Asker: 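Just passing along the structure, written as structure tokens.
First the proteins, then the strands, lettered A, B, ... as listed; each starts at 1. The structure displayed is predicted, hence computed values, not measured ones.
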Number of protein chains: 2
Amino acid sequence: MERELLLLGLLREQGMHGYQLLEFVESQMAFCVDLKKPTAYFLLDKMAASGWISFEQGQEGNRPPRRVYHITPEGEAVFQRLLRENLAGYAPTRFVTDIGLAFSHALPAQESIRLLNERRIAVKEHLDAASTAPPHPGGAQLIIEHQVHHLVSELQWLNDVILRMQMADAHL
Amino acid sequence: MERELLLLGLLREQGMHGYQLLEFVESQMAFCVDLKKPTAYFLLDKMAASGWISFEQGQEGNRPPRRVYHITPEGEAVFQRLLRENLAGYAPTRFVTDIGLAFSHALPAQESIRLLNERRIAVKEHLDAASTAPPHPGGAQLIIEHQVHHLVSELQWLNDVILRMQMADAHL
DNA sequence: AACTGAATAGTCAATACTGACTAGTCAGGG
DNA sequence: CCCTGACTAGTCAGTATTGACTATTCAGTT
């Protein structure tokens, strides 16, 4: 229900239409959710059917008509519940990049090390991007700081793994 | 393609039937992938159709017949490609738990802090579980170490966030 | 020899998600 | 005043994923 929490949270601050929501999520919240357009419209339909949000047909100039969504009192109650659950809980993080690590013995040690150095560069690029991101308004700033903290920790760990692999290889 | 990489990597070491694969993944690789039963069978079917793996009908005692899967030469080639891609690349981590943080201003500061303290306990429990996990064979050990490293970093960050919230609240 | 709970082995209907597409509008250049 | 590329707004068909279910076997108990 994380995506629902996100959409409700945004609609709670102001009524918006689908495209507007999408744009905001992609520009401000890209660091914590990956929400594609069809998924967003799907969720909006579902939440409207559940009575969490309502909409009216809006028109602006000659543009095609669009639905402007608003949160309902039931939606606000759901938002409050989901928010509390989210803040109190913890969902363990899975690193899909660890699968390769588990099978790295299938390659010559030197090649694994070379590939992991490529990975290190990729991580560094993400870190630079997050570090130099323009300040985001409100709570989104925290998300960027979290991402930076995490990427620093990842880089540290990756360096350690590479070092250990080099030492193990040298000893053979 | 991470799950495919995982299944190919396991079948590469020895032929196995679906249930056996599932069990191994859930017991040894639970820290890095979440693979449900129907998904695993779906992927096995798909990979068999693509010619990456083959199977023969096996029977053991009176047990129901089952498919024992083996990797094919094409599958081995795919495995090598996926492994290199995985080792060299980096997929940014999304923390769904950050969504709540972005909206924490919707609750009284004291309640947010209380809820985040609950989260801290949950993180600590995961950390204790990962720290005391019995040694896993081969590459899986690295995954646990990564998880521990990550959880320590998360705990640090969470403490920092809670502290900052308390200070901000005290200043009002 | 019947019963119970756990393990084995898988399937299916329903849900969730996404790549690729449609279709109209607007701003600016030629 | 027509063309082009970018923006707005959304849909749809196909793929991926999962909760819930079926059905058999085995070990131990009564």
Side-chain angles (χ1 to χ4, degrees), chain A residues 1-8 10-11 14-27 29-30 32-50 52-53 55-70 82 91-92 94 96 99, chain B residues 1-8 10-11 14-30 32-50 52-53 55-70 78 82 91-92 94 96 99:
Chain A
M1 306 297 276
E2 295 87 20
R3 295 148 131 98
E4 281 89 345
L5 174 61
L6 174 63
L7 292 175
L8 287 173
L10 294 177
L11 288 177
Q14 74 176 286
M16 287 198 247
H17 55 92
Y19 200 80
Q20 214 174 342
L21 280 164
L22 249 303
E23 218 188 16
F24 187 88
V25 170
E26 271 166 29
S27 71
M29 315 288 279
C32 71
V33 275
D34 182 25
L35 183 65
K36 298 285 158 46
K37 221 194 297 192
T39 311
Y41 283 110
F42 170 76
L43 291 176
L44 288 170
D45 281 353
K46 202 175 54 125
M47 292 198 293
S50 307
W52 300 356
I53 60 179
F55 61 85
E56 80 267 1
Q57 214 64 225
Q59 188 123 20
E60 194 182 312
N62 257 358
R63 305 213 128 281
R66 57 198 183 183
R67 294 175 167 184
V68 178
Y69 295 93
H70 293 271
L82 292 180
R94 260 78 181 246
V96 290
I99 299 174
Chain B
M1 307 297 278
E2 295 86 21
R3 296 148 129 100
E4 281 90 346
L5 174 62
L6 174 63
L7 292 176
L8 287 174
L10 294 177
L11 288 178
Q14 73 175 286
M16 287 198 245
H17 55 91
Y19 200 81
Q20 214 174 341
L21 280 164
L22 249 304
E23 217 189 15
F24 187 87
V25 170
E26 271 165 30
S27 71
Q28 305 293 311
M29 316 288 280
C32 70
V33 278
D34 181 25
L35 184 64
K36 299 285 159 46
K37 219 191 303 188
T39 310
Y41 283 110
F42 171 76
L43 291 176
L44 289 170
D45 281 354
K46 202 175 53 125
M47 292 197 293
S50 307
W52 301 355
I53 60 179
F55 60 87
E56 81 267 0
Q57 215 64 224
Q59 188 122 20
E60 195 182 310
N62 257 358
R63 304 215 128 278
R66 58 198 181 182
R67 294 175 167 185
V68 179
Y69 294 93
H70 293 271
V78 173
L82 293 179
R94 261 77 181 248
V96 291
I99 299 174

Asker: Atom CZ of B:Phe42 and atom P of D:dT18: how far apart are they, to the nearest Å?
Answerer: 11 Å
Asker: When you measure from the side-chain N and O atoms of A:Arg3 to the phosphate of C:dT18, is any distance below 4.0 Å, counting only OP1 and OP2?
Answerer: yes
Asker: Tell me: CD of B:Glu4 to C1' of D:dT17, nearest whole Å?
Answerer: 13 Å
Asker: Report the residue from A:Leu21, A:Leu11, A:Leu82, A:Val33 that forms a side chain to side chain contact (heavy atoms under 4.5 Å, CB included) with A:Leu6.
Answerer: A:Val33
Asker: Just to confirm, is there a sub-4.0 Å distance from OP1 or OP2 of D:dT18 to any side-chain nitrogen or oxygen of B:Thr39?
Answerer: yes
Asker: So does A:Lys37 reach the base of D:dG10 with its side chain, donor to acceptor, closer than 3.5 Å?
Answerer: yes
Asker: The side chain of B:Pro38 is closest to which nucleotide in this list: C:dG10, C:dA16, C:dT11?
Answerer: C:dT11
Asker: Could you give the CG-to-P distance, from B:Leu43 to D:dA16, as a whole number of Å?
Answerer: 8 Å
Asker: Look at all strands and tell whether A:Glu23 reaches a base, only sugar-phosphate, or nothing, counting heavy atoms closer than 4.0 Å.
Answerer: sugar-phosphate
Asker: Would you give the length of the straight line joining atom CG of B:Leu7 to atom CE of B:Met1, rounded to the nearest 0.5 angstrom?
Answerer: 11.0 Å
Asker: Report the nucleotide, chosen from C:dG19, D:dG19, C:dA9, that has the shortest atom-to-atom distance to any side-chain atom of B:Arg66.
Answerer: C:dA9
Asker: I'd like to check B:His70 versus B:Glu56 (side-chain heavy atoms, cut-off strictly below 4.5 Å). Are they in contact?
Answerer: yes
Asker: Within this structure, what is the CZ-to-C1' distance between B:Arg67 and C:dA9, rounded to whole angstrom?
Answerer: 12 Å
